[in-house]
Student: 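Structure provided below as structure tokens; questions to follow.
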Amino acid sequence: MKLEELKKKQLECAKKVVARDEFNEIKTVGGMDLTFEDLKKTPTRAWASLVVLDLETLKPIYELVVEGEVSFPYVPTFLAFREMPLLLKLYEKAEVKPDAYFIDGQGTAHPRGCGIASHFGVETGEVTVGVAKTRLFGYAKEPPNERGAFTYLRYKGRVVGAAVRTKENAQPVFVSPGHRISLKSAIELVLKTSRYRVPEPTRLAHNLLQKVRRKALKGGRLF
DNA sequence: GCGACAG
DNA sequence: ATCTTGTCGC
């Protein structure tokens with residue numbers, strides 16, 4: 001499919017994004033992540049994970065990993081078309097659905113207003129937050145070096161997200177609403193779930209994948 | 001035209 | 001994202 005057509009899909013998606021609080025109470029938060037057998041190759045084998053945490057204790061209450069084939073390459077601003085199929089497979093198989101999902105990447109902080117976190121939210125109707133380790137789009141001043149500090153990420157005067165300091169002496173993470181949540185609540189939720197730089201749901205989902213990946217690839221790379 | 005560019 | 005030991009700083 002041509003990128004011009006995919007841009008249209010993103011613009012359609014952007015119209016459906018709800019960047020306001022549209023939920024009752026969040027008691028559990030899930031983190032989702034992906035890892036690939038070979039980043040250079042397309043298609044390639046990949047794994048996706050979901051870890052659901054209790055918001056009060058920040059302890060995991062559910063974990064799931066699925067394996068699949070990823071056939072769309074990584075193209076900046078089109079990440080959703082690469083990762084969404086496996087995320088949806090993961091979502092459908094999950095027997096525990098959290099009240100909100102943290103997705104690795106941007107939500108509304110995207111050139112066409114629909115990064116992967118928003119895309120996944122609109123597609124499933126779930127509450128989603130975009131948490132990225134680096135910036136894709138817009139400009140933010142460096143937030144003060146204290147946990148909890150943040151600055152707005154703007155583009156042409158519009159606030160599209162925030163650079164949030166989740167830990168002192170660590171680079172900020174980039175937070176933006178995915179779907180059915182305001183930027184304010186998204187920031188609060190990220191801070192509430194952060195012990196280290198990367199919030200716990202995302203961090204544990206990532207750690208789980210590292211174990212799975214090592215196990216799956218050992219034998220092929222021993223010599 | 002050039003640089004920047006989530007994972 | 002991934003390949004990787006030691007190393008520097010709090």
Side-chain angles (χ1 to χ4, degrees), chain A residues 3 6-7 10 13-14 17 31-50 65 67-88 90 101-121 128-140 145-147 153-156 160-179 186 190 195-199 201-203 205-218 220-223:
Chain A
L3 290 185
L6 300 183
K7 281 186 186 177
Q10 291 178 325
C13 168
V17 171
M32 284 180 157
D33 193 24
L34 262 78
T35 192
F36 303 88
E37 176 167 358
D38 188 347
L39 272 176
K40 312 277 183 196
K41 271 173 40 183
T42 305
T44 184
R45 184 155 64 133
W47 297 268
S49 67
L50 168 69
V65 174
E67 183 181 320
E69 193 90 343
V70 166
S71 51
F72 195 92
Y74 170 66
V75 182
T77 76
F78 295 96
L79 180 66
F81 298 101
R82 175 170 170 82
E83 300 192 346
M84 276 275 285
L86 202 50
L87 288 187
L88 289 175
L90 178 69
Y101 293 77
F102 284 1
I103 313 281
D104 238 315
Q106 317 292 342
T108 57
H110 179 277
R112 289 169 292 283
C114 189
I116 187 167
S118 296
H119 214 122
F120 180 84
T128 61
V129 175
V131 183
K133 287 179 287 299
T134 60
R135 181 197 68 97
L136 169 68
F137 179 71
Y139 173 76
N145 188 17
E146 61 183 66
R147 187 192 132 81
L153 180 64
R154 299 166 192 274
Y155 185 75
K156 291 188 175 173
V160 295
V164 181
R165 189 86 67 182
T166 49
K167 186 179 190 299
E168 199 176 325
N169 298 319
Q171 287 298 114
V173 295
F174 293 81
V175 177
S176 56
H179 189 51
V190 164
R195 291 219 257 255
Y196 306 105
R197 182 192 176 216
V198 174
T202 307
R203 198 178 68 88
H206 185 83
N207 289 169
L208 175 59
L209 280 186
Q210 296 316 302
K211 293 179 196 166
V212 170
R213 189 177 189 279
R214 266 190 296 124
K215 208 170 191 177
L217 299 186
K218 77 175 173 189
R221 52 181 298 98
L222 284 179
F223 58 94

Student: For the salt bridge (charged side-chain N to carboxylate O under 4.0 Å, His left out) test, which of A/K133, A/R203, A/R82 pairs with A/D104?
Tutor: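 Answer to the salt bridge (charged side-chain N to carboxylate O under 4.0 Å, His left out) test with A/D104 among A/K133, A/R203, A/R82: A/K133.
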
Student: In whole Å, what is the span from the CD atom of A/Q106 to the P atom of B/dA4?
Tutor: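 That distance rounds to 18 Å.
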
Student: Please report the distance, rounded to the nearest Å, between NZ in A/K41 and C1' in B/dG7.
Tutor: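 Atom-to-atom, A/K41 to B/dG7, this comes out as 18 Å.
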
Student: Find the distance A/R112:CZ to B/dC5:P and express it as a whole number of Å.
Tutor: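 So the CZ-P distance, A/R112 to B/dC5, works out to 16 Å.
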
Student: In terms of side-chain heavy atoms of A/L39, which of C/dC3, C/dA1, B/dA6 is nearest?
Tutor: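 Among the listed nucleotides, the one closest to the side chain of A/L39 is C/dA1.
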
Student: Round to a whole Å and report the spacing from CZ of A/F81 to C1' of B/dG7.
Tutor: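 The answer, rounded to whole Å, is 15 Å.
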
Student: With respect to the phosphate group of C/dC3, does any side-chain polar atom (N or O) of A/R213 fall under 4.0 Å of OP1 or OP2?
Tutor: yes

Student: For a quick test of reading the model: is some side-chain N or O of A/K133 closer than 4.0 Å to OP1 or OP2 of C/dA1?
Tutor: yes

Student: Just checking A/I116: base, sugar-phosphate only, or nothing, at a heavy-atom cut-off of under 4.0 Å?
Tutor: base

Student: Please tell me which of the listed nucleotides, B/dG7, C/dC10, C/dT2, lies nearest to the side chain of A/T134?
Tutor: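 Out of B/dG7, C/dC10, C/dT2, the nucleotide with an atom closest to A/T134's side chain is B/dG7.
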
Student: Calculate the interatomic distance between A/M32 atom CE and B/dA6 atom C1'; express it in whole Å.
Tutor: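 Atom-to-atom, A/M32 to B/dA6, this comes out as 17 Å.
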
Student: Return whichever of A/H206 or A/N169 has its heavy-atom-nearest nucleotide of DNA chain C closer to the 5' end.
Tutor: A/H206

Student: Are the side chain of A/R154 and the backbone N or O of A/Y139 linked by a donor-acceptor pair below 3.5 Å?
Tutor: no

Student: Determine, for A/R45 against A/E67, whether the closest basic-nitrogen to carboxylate-oxygen distance falls under 4.0 angstrom.
Tutor: yes

Student: Please work out whether the ring planes of A/F81 and A/F72 are parallel, tilted or perpendicular, with thresholds of 30° and 60°.
Tutor: tilted

Student: Dot-bracket for DNA chain C, please, read 5' to 3', with Watson-Crick or G-U wobble pairs under 3.5 Å on both distances, ( ) within the strand, [ ] crossing, | other strand, . unpaired.
Tutor: ..........

Student: Tell me: NZ of A/K167 to P of C/dG9, nearest whole Å?
Tutor: 16 Å

Student: How about A/F36 and A/E83: do any of their side-chain heavy atoms sit closer than 4.5 Å?
Tutor: yes

Student: Quick check against the 3.5 Å criterion: does A/T166 have a side-chain atom that pairs as donor or acceptor with the backbone of A/V198?
Tutor: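 Side chain of A/T166 to backbone of A/V198, a donor-acceptor pair under 3.5 Å: no, none is there.
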
Student: Rounding to an integer number of Å, can you tell me how far A/W47 CH2 sits from C/dT2 C1'?
Tutor: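 So the two atoms are 13 Å apart, to the nearest Å.
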
Student: Can you check the A/D38 CG to C/dC3 C1' distance for me, whole Å?
Tutor: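 Atom-to-atom, A/D38 to C/dC3, this comes out as 12 Å.
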
Student: Short question: side chain of A/R197, backbone of A/P172 - any donor-acceptor pair under 3.5 Å?
Tutor: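 Here the side-chain-to-backbone pair exists.
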
Student: Side-chain contact, heavy-atom cut-off 4.5 Å: A/L136 with A/P111?
Tutor: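 Yes, their side chains come closer than 4.5 Å.
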
Student: Can you tell me if the side-chain N/O atoms of A/Q210 get under 4.0 Å from OP1 or OP2 in C/dT2?
Tutor: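 The answer is yes; a side-chain N or O of A/Q210 sits under 4.0 Å from OP1 or OP2.
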
Student: Can you identify which nucleotide, out of B/dC5, B/dG7, C/dT2, has its nearest atom closest to the A/L136 side chain?
Tutor: B/dC5

Student: For the side chain of A/H110, starting at C-beta, report the closest nucleotide among C/dA1, B/dA6, B/dA4.
Tutor: B/dA6

Student: Can A/Y74 be said to stack with the base of C/dA1, given centres closer than 5.5 angstrom and planes under 30 degrees apart?
Tutor: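 Answer is no, no stack.
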
Student: Examine B/dA6: is either OP1 or OP2 under 4.0 Å from a nitrogen or oxygen in the side chain of A/R135? Give yes or no.
Tutor: no

Student: Whether A/T35 contacts C/dT2 is assessed here as follows: a side-chain N or O lying under 4.0 Å from the phosphate OP1 or OP2. Is that the case?
Tutor: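 Result: yes.
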
Student: Across the strands shown, which category fits A/F78 at heavy-atom distances under 4.0 angstrom: base, sugar-phosphate, nothing?
Tutor: base

